[in-house]
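The structure presented is a predicted model; accordingly, all values stated were derived computationally and were not measured. The first residue in the sequence is number 1, and the count goes up from there. Counting convention: from 1, in listed order, for ligands and their atoms alike.
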Amino acid sequence: MAAIERKADANPTKAFFVRIITKDISLEDCILDLIDNSVDGAWRCEGSRPIGLQDGTDLSKYSIMIEATPDKFSIIDNCGGMSLDDAVEHAFSFGREATEDHDDYSIGVYGIGMKRAVFKLGGNIRVRSTYDDKGTRSAFAVPINVSKWLSNDKPPWDFDIEEDELLPNNGVEIVVQELTPGAAGAFESPAFLQGLRRTIARDYALHLNRGLRISLNGSEISGWKIELRQSEDFQPMRLEYKDKADNEEVSIEIIGGMAAPPPESNDPEEEADNEKQPHGWYVVCNGRIVLAGDKTAISGWGTDDWPNWHPQYAGFIGIILFTAANAAALPLTTTKRSVDITSDIYRRARPKMREVSTKWIAYTNQRKQAADEAKAKEALAVPVSIYSVAKRATVALPALVSRPAGERLANVHYSVPVSRLKKLAKELGGINMSNREVGLKSFNYTYDDLVGGE
Ligand SMILES: Nc1ncnc2c1ncn2[C@@H]1O[C@H](COP(=O)(O)OP(=O)(O)OP(=O)(O)O)[C@@H](O)[C@H]1O
Ligand SMILES: [Mg+2]
């Protein structure tokens, strides 16, 4: 059949486009997107290395200041800024081109975050950048009057760039005025601001712990301290391995153990509190916590043969870190606030997460029959930062002796050659077992054999 010369127009309108990209993202997530960009900038200034836990990079010279009031929003960083070429070629385009370089261990993947955030925030936007242009500090600004920009759909879609005064430091400043009703309302609400502060403290904990400064309305935010308890009896696991997603290498690190002694009781009040507790699984992608204190099926609870999370398991923290030069290889959801559970890389990690979780579950069960002994041992375990946890293939938890409440205890002391102890430890389950564990296990073994089970 002969084609008719004229074509059916399929070009999007700007208004449709803006509505679609801002519809399904929360205001809080938009602000986190802007913080992500600043953090990526700081990391670029530090040479874009893998963001493992061992890395001692000091981020204390970088700061991100956010002001959120009912009539104005601003974020200003000193994280190096974007160059004029960045702005002309990709920073303001909707979506990254496939050919763009991604090998920078960033959290930015799609090329949409900044645009989506500013459109969600308001109608009068000014993005300013000051950067190092081959040894000379240069500056430019991109002003966006949203209603004016929306009024003309004709391609090419672009934004004007104008000369600008230098910012005090190399970095980016974004100021948004004529806030949308949603943004103005939220910034008036102490509850929203408190929630935002809490989310920042949690999700950027690893950066804040390295010294990065983030402030909201003039007050600095301190990052969550993530610590695990360690003693002869309690030793967190710390495992590292590599995997591949679409031929891109991804490094994985898993750490897990006791962060705090389990609760005394399972009463409903404690249970309610428990939801707010930082316990559970953390998933970190290129340094950013995308899932924190998870107690749901996403980190495995209530799936396969794991039980559902129960307040009895409080005290456990597990952290899994995925690090990749190309952020597209990370098991991220598109909003970057959770994990893509269908990702092969994440699926392959789950059994390893399961192992440490189930050991903790077993410990908290055993503990009910030997509460005094457990508490005494837990009291000896001291908090250590997750950065200093030693490598260990699996978590070590004390072997408890079940006994009726009030039964008297006998202590056994004896000396044996170290070489024999090690050989026995190996047979009993692991060369890294503590002497005490070997003693207890061999006692229980002999007891079961000669006296029999009770
Ligand atoms: N604060 C900043 N400092 C330096 N460069 C920035 C900053 N904010 C944005 N940029 C530049 O603008 C680009 C576009 O940012 P945008 O958030 O829209 O997309 P992205 O970060 O590449 O991907 P994603 O959509 O996954 O966030 C960034 O890749 C970066 O080059
Ligand atoms: Mg981004």
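For ligand 1 and Arg96, the ligand atoms under 4.0 Å from any heavy atom of the residue are 20 (P), 22 (O), 29 (O). Of all atoms in ligand 1, numbered sequentially from 1 with element shown, those under 4.0 Å from a heavy atom of Arg44 are 4 (C), 5 (N). Against a heavy-atom cut-off of under 4.0 Å, Lys336 is close to the following atoms of ligand 1: 24 (P), 26 (O), 27 (O). Applying the 4.0 Å criterion to heavy atoms of Ser38 picks out, from ligand 1, the atoms 1 (N). The Gly81 neighbourhood of ligand 1 comprises atoms 4 (C), with distances under 4.0 Å to a heavy atom of that residue. Distances below 4.0 Å separate heavy atoms of Lys115 from the following atoms of ligand 1: 14 (C), 16 (P), 18 (O). Applying the 4.0 Å criterion to heavy atoms of Met82 picks out, from ligand 1, the atoms 4 (C), 5 (N), 9 (C), 10 (N).
By the 4.0 Å N-to-carboxylate-O rule, Glu46 lies close enough to Lys61 to be salt-bridged with it. Residues Glu240 and Lys391 are paired through a salt bridge, judged by an N-O separation under 4.0 Å between the basic side chain and the carboxylate.
Distances shorter than 4.0 angstrom occur between a heavy atom of Gly108 and an atom of ligand 1. Contact annotation: Gly111 has at least one heavy atom less than 4.0 Å from an atom of ligand 1. Close to ligand 1: His90, with a non-hydrogen atom less than 4.0 angstrom away. Note on ligand 1: Ile112 sits in its first shell, one or more heavy atoms being nearer than 4.0 Å.
Side-chain atoms of Asn286 come within 3.5 Å of backbone N or O of Ser106 as a donor-acceptor pair. The main-chain N or O of Val389 is found under 3.5 Å from a side-chain atom of Arg238 such that the two form a donor-acceptor pair. With hydrogens and angles ignored, the 3.5 Å screen pairs no side-chain donor or acceptor of Asp164 with any backbone N or O of Ala139.
Checking Ser357 against Trp281 by side-chain atom types alone, a donor-acceptor pair falls below 3.5 Å.
When ring centroids are compared, Tyr313 and Trp360 stay outside the 6.0 Å threshold.
In this comparison of Ile75, Asp77, Asn37, the heavy atom closest to atom 7 (C) of ligand 1 sits on Asn37.
Residue-level proximity to ligand 1 for Arg116 is absent, since no heavy atom of it falls below 4.0 angstrom.
Under the side chain to side chain donor-acceptor pair (under 3.5 Å) criterion, Thr13 pairs with no residue at all, not counting sequence neighbours. Taking Tyr346 as the reference, nothing meets the ring-ring contact (aromatic ring centres under 6.0 Å, His included) condition, with sequence neighbours excluded.
By the neighbour-count criterion of 12 heavy atoms within 6.0 Å, atom NZ of Lys72 is sparsely surrounded, having that number or fewer from other residues, nucleotides or ligands.
To the nearest 0.5 Å, atom CD1 of residue Ile144 and atom NZ of residue Lys115 are 9.5 Å apart.
For the pair Trp224/Ile289, no side-chain contact is recorded, criterion being any heavy-atom separation below 4.5 Å from C-beta on.
Residue Gly113 places at least one N or O, backbone or side chain, under 3.5 Å from an N or O of ligand 1. At a 3.5 angstrom cut-off on N or O pairs, Val109 counts as close to ligand 1.
Note on the Mg ion (ligand 2): protein N/O/S atoms under 2.8 Å are Asn37 OD1.
Counting only residues at least two apart or in different chains, side-chain hydrogen bond (donor to acceptor under 3.5 Å, both in side chains) contacts with residues 183-196 are absent.
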